[in-house]
Amino acid sequence: MAMNGDRASAAINGLPMVDARDVHKSFHHNEVLRGISMQVRKGEVVVMIGPSGSGKTTFLRCINHLEKINQGKLYVDGELVGYRETPDGKIVEDTEKNIARIRAEIGMVFQRFNLFPHLTALENVMEAPIQVKRIPKDQAEARARALLRKVGLEQKEDAYPARLSGGQQQRVAIARALAMDPKLMLFDEATSALDPELVGEVLKVMRQLAEEGMTMVVVTHEMGFAREVADRVIFMDSGVIVEEGQPERVFSAPQQERTQSFLRKIL
């Protein structure tokens with residue numbers, strides 16, 4: 001889909017929200033990312049597709065420094081993530097405090113919901129704003145109620161995770177991420193652990209966020225979502241970006257043989 005007016009103007013003005021420059025990441029001797037360079041404009045929805053093991057999730061985790069990169073630079077909204085540049089031009093690891101500050105502005109929704117089992121849906125959404133941002137409890141509660149309403153769960157605010165379906169738990173996880181007022185949302189296979197009939201309710205919330213202008217990087221196997229909602233699709237394989245472009249072109253007329261082969265198997 002083409003970007004709406006608000007998203008287009010946000011994209012044109014200022015720095016990119018994500019700016020990856022020659023990013024490498026290895027686990028022991030296994031090089032998982034082999035020089036990723038890409039940008040995500042403000043207000044843009046970028047969907048990353050590709051086979052399992054291609055490096056998509058690792059790259060997502062590098063964006064908010066859940067994984068440390070071995071080479072290259074990663075910026076979010078103009079700030080170097082995980083590292084800082086000294087006055088003499090050296091790159092050194094950043095302070096934990098500064099890393100936590102930047103990470104607090106990046107919402108991440110994982111494949112597994114990671115909700116606190118001993119807290120209700122409402123309490124799960126309230127927790128981080130109170131603990132991290134020191135927001136007064138009554139304000140955090142009002143905001144949490146509004147977010148649960150936004151994701152269609154206003155009737156479930158007193159339910160514990162064990163009493164919620166997978167789709168409901170994932171929607172609580174999205175509300176929890178939004179409670180921190182992030183400037184960027186990362187989705188790592190947010191629907192892949194769900195029963196097929198529950199996928200739609202989560203994708204509906206993600207579509208709504210895209211329409212509202214949230215900058216999003218989404219790793220998914222849901223090709224219908226990628227085709228409908230993405231401004232740009234990136235196909236990764238073996239730790240490199242093989243092909244990228246508007247969804248219609250990538251899905252209908254892929255240029256690279258590897259992309260063609262992948263799409264033949266799944267479409």
Side-chain angles (χ1 to χ4, degrees), residues 1 3-4 6-7 43-50 52 56-57 60-61 106-129 140-233 247 251 266-267:
M1 73 179 184
M3 282 196 283
N4 66 31
D6 290 343
R7 289 166 67 192
E44 189 177 25
V45 178
V46 172
V47 173
M48 306 186 79
I49 64 172
S52 296
K56 306 182 303 295
T57 290
L60 216 58
R61 290 172 65 84
I106 303 171
M108 186 157 185
V109 180
F110 299 87
Q111 183 174 343
R112 297 288 170 185
F113 324 120
N114 298 328
L115 298 178
F116 295 115
H118 63 290
L119 299 181
T120 64
L122 186 69
E123 289 166 342
N124 263 285
V125 179
M126 290 167 57
E127 183 75 2
E141 187 173 330
R143 171 86 170 129
R145 284 209 162 90
L147 286 168
L148 287 175
R149 192 161 57 248
K150 181 186 184 78
V151 300
L153 290 174
E154 59 268 37
Q155 306 301 321
K156 298 290 185 179
E157 60 182 42
D158 294 325
Y160 288 90
R163 307 294 296 174
L164 299 172
S165 72
Q168 289 169 337
Q169 289 186 60
Q170 193 61 293
R171 284 185 282 156
V172 173
I174 293 171
R176 180 180 61 182
L178 292 173
M180 293 293 283
D181 288 319
K183 59 175 72 170
L184 168 66
M185 284 287 286
L186 309 175
F187 291 87
D188 181 22
E189 300 283 12
T191 59
S192 64
L194 302 179
D195 292 332
E197 66 268 24
L198 302 177
V199 168
E201 61 191 41
V202 175
L203 293 180
K204 180 182 176 185
V205 173
M206 293 170 67
R207 279 191 188 91
Q208 183 184 346
L209 290 177
E211 287 166 7
E212 291 169 358
M214 175 62 75
T215 310
M216 296 163 59
V217 184
V218 181
V219 170
T220 187
H221 290 296
E222 297 291 334
M223 297 301 144
F225 176 85
R227 194 188 282 266
E228 273 180 58
V229 179
D231 296 304
R232 191 156 41 105
V233 172
F251 286 113
I266 62 164
L267 292 181

Problem - Which atom of Val109 lies closest to which atom of Ala190, heavy atoms considered - result: CG1-CB, 4.2 Å
Problem - Shortest non-hydrogen separation from Gln111 to Ala193 and the atoms involved - result: O-CB, 3.7 Å
Practice task
Compare every heavy atom of Pro247 with every heavy atom of Asp231, then report the nearest pair and how far apart it is.
Solution key: O-CD, 3.6 Å
Exercise for the section: Please check if the side chain of Arg171 supplies one atom and the backbone of Val151 the other of a donor-acceptor pair under 3.5 Å. Expected result: yes
Handout entry: Minimum heavy-atom distance between Leu122 and Ala144, given as atom pair plus value
Key = CD1-CB, 3.7 Å
Handout entry: Heavy-atom check, side chain of Lys150 versus side chain of Gln208, under 4.5 Å
Key = yes
Practice task
Would you name the heavy atoms of Leu148 and Ala121 that are closest together and state the gap between them?
Solution key: CD1-C, 4.2 Å
Problem - Ionic contact status for Arg207 with Glu211, cut-off 4.0 Å - result: no
Practice task
Decide yes or no for Asp181 and Arg143: does some side-chain heavy atom of the first lie under 4.5 Å from some side-chain heavy atom of the second?
Solution key: yes
Handout entry: Residue pair Arg61 / Phe110, side-chain heavy-atom distance below 4.5 Å
Key = yes
Completion exercise
For Phe251 and Leu267, the nearest pair of non-hydrogen atoms, with its separation, is CD2-CD1, 4.0 Å
Handout entry: Pairwise side-chain contact, Glu157 with Thr120, heavy-atom cut-off 4.5 Å (strictly under)
Key = no
